[in-house]
Amino acid sequence: MPTRLSNYFLRTLREDPSDAEVTSHRLLVRAGYIRRQAPGVFAWLPIGLRVKAKIEKVVREEMAAAGAHEVHFPALLPREPYEVSGRWAEYGDALFRLQDRKGSDMLLAPTHEEVFTLLVKDLYNSYKDLPLSIYQIQDKYRDEARPRAGLLRGREFTMKDAYSFDYTDAGLDASYEAQRDAYERIFTRLGLEYVIVKADAGAMGGSRSEEFLHPTPVGEDTFVRSAGGYAANVEAFTTLVPEALSWDGLPPAQVFPTPDTPTIQTLVDSANRNQPRPDGRDWTAADTLKNVVLALTGLDGSRELVVVGLPGDRDVDLKRVEVAFAPAEVEAANDEDFAKHPGLVKGYIGPWSADGAVLGETSATGIRYLLDPRVVDGTEWITGANEHGHHVYGLVAGRDFQADGTVEAAEVLAGDPAPDGSGPVELARGMEIGHVFQLGRKYAEALGLKVLDENGKLVTVTMGSYGIGVTRILAIIAELTSDEKGLVWPPAVAPFDVHVIATGRDQVVFDTAESVVAAIEATGREVLYDDRPKVSPGVKFGDAELIGVPQIVIVGRGAADGVVELWDRRTGERTSLPVAEVASRLP
RNA sequence: CGGGGCGUAGCUCAGCUUGGUAGAGCGCUCGGUUUGGGACCGAGAGGUCGCAGGUUCGAAUCCUGUCGCCCCGACCA
């Protein structure tokens with residue numbers, strides 16, 4: 001039976017909703033696919049649900065092909081497993097927390113590693129049961145600081161999350177590859193361009209991790225890639241460390257007065273004016289060592305200062321810093337922090353002073369000092385002399401100062417060398433549409449998931465987790481394929497295969513339309529039939545364009561002569577056909 | 001959390017500066033005309049003007065507070 005528009009739960013809007021800015025959100029609301037319920041939370045109307053189901057179908061088929069079995073967990077879960085894994089604390093404000101009537105803490109799950117692990121623990125205890133891959137398609141909840149862009153970043157979103165269980169590292173690799181391959185097939189079938197990039201393993205622990213990013217300037221992730229094939233999220237980018245240099249023959253460091261040079265630029269100007277280089281080249285920001293004071297707040301609320309030293313031509317990248325110091329929260333040190341450390345002279349901070357080391361755990365201040373990996377032994381720097389209005393020139397790393405370690409805190413710049421030697425990288429933006437992740441034994445260990453191996457020995461299971469954002473993908477497809485008239489679904493995910501319009505008031509129009517609909521349905525296609533009486537042609541055409549079913553059949557003025565039109569939504573091309581041929585001429 | 005904007009009919013908005021008791025277009029209902037690009041005529045239904053205080057004879061309009069939403073940034077699958 002066709003879906004008849006005369007009594008379908010669908011209302012198109014003539015005007016753009018005022019609270020929708022991005023294309024996908026605007027069109028999905030206007031065309032009657034979704035409605036906003038709360039910030040970042042959406043209701044799915046019948047036609048929207050159909051598209052969602054089409055995407056899920058592709059995902060399910062490829063999951064089955066990869067040997068994964070579907071399950072379904074509740075979104076509402078008790079606190080305990082997340083307490084044991086540490087994520088009750090680590091997730092912070094992004095976790096939706098609530099209490100039941102007895103006052104027990106519960107949560108709306110942001111992902112399900114813990115409960116999948118516990119289920120397997122309940123049921124399995126032998127290596128013979130493994131490997132195992134199970135997945136679900138379920139709504140996830142994250143209380144984003146600022147939900148935006150409609151479905152692209154909501155607080156409730158549908159995700160396919162899969163989990164693999166193995167008892168050997170090689171097994172985990174194989175399970176990981178199977179999911180990774182499935183993802184490639186899924187995105188290819190959906191026609192979504194993607195880049196696979198190295199990702200940060202982050203607070204989840206574990207080793208190998210890759211993100212599938214859809215390249216788009218509006219993406220939230222920045223990634224790098226080299227011509228030689230290296231690709232990584234900037235958060236996971238590692239600096240190619242230069243060789244250490246010898247400091248034999250380098251002149252001793254010298255302090256010069258540098259009044260009014262609180263910034264890198266003023267310092268460089270002052271250096272070129274007052275202490276020109278003997279080799280004739282100008283000083284640049286890259287010759288200076290910038291020392292940035294950061295405040296880390298641990299999960300227990302403790303506050304620690306740390307100073308990061310990096311070349312003056314680079315800023316600290318807060319995302320990379322967050323990764324480097326996770327799970328602590330990072331912010332710039334405030335006036336109060338400086339007040340507690342009079343040894344830090346704002347604007348003139350450096351590791352060295354005439355009276356001894358200023359930065360570092362064993363120094364006068366005792367503040368942890370970490371260096372950008374480029375600051376290798378033997379490199380010379382202009383940096384603060386810890387005295388107002390003074391800098392020290394020719395300060396040599398290794399000879400004149402030491403640090404407590406290195407940190408990947410500096411921003412990545414286009415042209416930086418890829419760590420694998422594959423050449424300079426370029427920067428691009430992308431939106432995460434999938435993530436594959438070797439969790440390793442973190443969750444299994446925390447939750448006690450062990451099996452007996454071939455030797456009768458208890459071994460901890462090793463796991464992987466694999467996510468795809470179903471609703472985000474839907475929004476991206478809508479965004480990519482739409483035009484100024486409305487949505488234009490690719491056939492693989494379209495809510496219907498064919499949209500039949502009956503226009504006119506002669507009974508022959510409706511009779512013809514009915515037979516056309518029946519003929520098309522007989523070919524196995526799904527039909528949306530606009531049978532609304534007393535609705536003018538312009539309205540029906542406009543709605544068809546807005547709704548975006550790929551093939552439209554117009555039954556109208558030619559009906560009396562047995563002629564209808566086939567209208568391709570994407571190309572706009574219209575072809576007149578005899579009624580009898582329509583079903584067979586559909587692509 | 002910082003910055004900006006906005007809350008008036010189902011939707012998109014005007015009215016607010018200069019206080020006088022609620023408007024338009026679209027949508028919806030009824031009658032009629034119309035039917036290949038968002039038709040027309042006539043008659044209707046529909047709003048505690050986000051909420052709470054205050055000023056005033058009188059508040060959508062002025063004042064104070066508060067709640068909510070959107071956008072940019074921070075953050076984030």
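If you're wondering where the values come from, they're calculated on a predicted model, not measured in any experiment. In the text below, chain A, chain B and the rest are named by the order of the sequence lines, each starting its count at 1.
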Using both distances under 3.5 Å as the test, list the Watson-Crick or G-U wobble partner of [N], or none.
{"N": "B:C49", "value": "none"}
{"N": "B:C28", "value": "B:G44"}
{"N": "B:C6", "value": "B:G68"}
{"N": "B:G73", "value": "B:C1"}

[N] to [M] separation - [atom1] atoms, rounded to the nearest Å:
{"N": "B:G47", "M": "B:G23", "atom1": "C1'", "value": "11 Å"}
{"N": "B:C16", "M": "B:A43", "atom1": "P", "value": "29 Å"}
{"N": "B:G27", "M": "B:C69", "atom1": "C1'", "value": "23 Å"}
{"N": "B:C70", "M": "B:U33", "atom1": "P", "value": "47 Å"}
{"N": "B:C62", "M": "B:G5", "atom1": "P", "value": "16 Å"}
{"N": "B:U29", "M": "B:U66", "atom1": "P", "value": "44 Å"}
{"N": "B:G46", "M": "B:G3", "atom1": "P", "value": "44 Å"}
{"N": "B:U48", "M": "B:G10", "atom1": "P", "value": "9 Å"}

Across the strands shown, which category fits [X] at heavy-atom distances under 4.0 angstrom: base, sugar-phosphate, nothing?
{"X": "A:P17", "answer": "sugar-phosphate"}
{"X": "A:R532", "answer": "nothing"}
{"X": "A:E545", "answer": "base"}
{"X": "A:E211", "answer": "nothing"}
{"X": "A:E144", "answer": "base"}
{"X": "A:D16", "answer": "sugar-phosphate"}
{"X": "A:G40", "answer": "nothing"}
{"X": "A:G467", "answer": "nothing"}

Taking 4.0 angstrom as the limit, do A:R314 and A:E411 come out as a salt bridge?
no
Charged N to carboxylate O below 4.0 Å: is that the case for A:E235 and A:K198?
no
Write down the distance between [atom1] ([X]) and [atom2] ([N]), rounded to a whole number of angstrom.
{"X": "A:K540", "N": "B:G36", "atom1": "NZ", "atom2": "P", "answer": "12 Å"}
{"X": "A:M431", "N": "B:C76", "atom1": "CE", "atom2": "P", "answer": "15 Å"}
{"X": "A:D19", "N": "B:G5", "atom1": "CG", "atom2": "C1'", "answer": "14 Å"}
{"X": "A:R148", "N": "B:A74", "atom1": "CZ", "atom2": "P", "answer": "8 Å"}
{"X": "A:L151", "N": "B:C76", "atom1": "CG", "atom2": "P", "answer": "21 Å"}
{"X": "A:L45", "N": "B:G10", "atom1": "CG", "atom2": "P", "answer": "18 Å"}
{"X": "A:E432", "N": "B:A77", "atom1": "CD", "atom2": "C1'", "answer": "5 Å"}

What about A:F42 and A:H25, are their ring centers closer than 6.0 Å?
yes
Below 6.0 angstrom between ring centroids: does that apply to A:F437 and A:Y466?
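No: the rings miss the under 6.0 Å criterion.
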For the residue pair [Y] / [X], report whether a side-chain donor-acceptor contact shorter than 3.5 Å exists.
{"X": "A:T222", "Y": "A:R429", "value": "yes"}
{"X": "A:H112", "Y": "A:Q136", "value": "yes"}
{"X": "A:H435", "Y": "A:S209", "value": "yes"}

So does A:R153 reach the base of B:C76 with its side chain, donor to acceptor, closer than 3.5 Å?
yes
May I ask you to verify whether the side chain of A:E15 and the base of B:G27 hold a donor-acceptor pair under 3.5 Å?
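Checked by distance alone, the answer is no.
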Kindly point out which of [options] is positioned nearest to the side chain of [X]?
{"X": "A:P537", "options": "B:U35, B:A39, B:A77", "value": "B:U35"}
{"X": "A:S18", "options": "B:A74, B:A39, B:C13", "value": "B:C13"}
{"X": "A:R11", "options": "B:C70, B:U12, B:C28", "value": "B:C28"}
{"X": "A:R142", "options": "B:G36, B:G38, B:A77", "value": "B:A77"}
{"X": "A:A145", "options": "B:G38, B:C75, B:U35", "value": "B:C75"}
{"X": "A:R14", "options": "B:A74, B:G27, B:C70", "value": "B:G27"}
{"X": "A:F157", "options": "B:A77, B:C69, B:A39", "value": "B:A77"}

Can any side-chain N or O of A:D483 pair as donor or acceptor with the backbone N or O of A:K485 at less than 3.5 Å?
yes
Want to settle it: does A:T12 or A:E156 sit nearer the 5' end of RNA chain B, counting the closest nucleotide to each?
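Its nearest nucleotide being more 5', the pick is A:T12.
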Upstream residue (5' side of RNA chain B) when A:H435 and A:R146 are each assigned their closest nucleotide
A:R146
Below 4.0 Å: OP1/OP2 of B:G38 and any side-chain N or O of A:S536
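False: A:S536 side-chain N/O out of range (4.0 Å or more) of B:G38 OP1/OP2.
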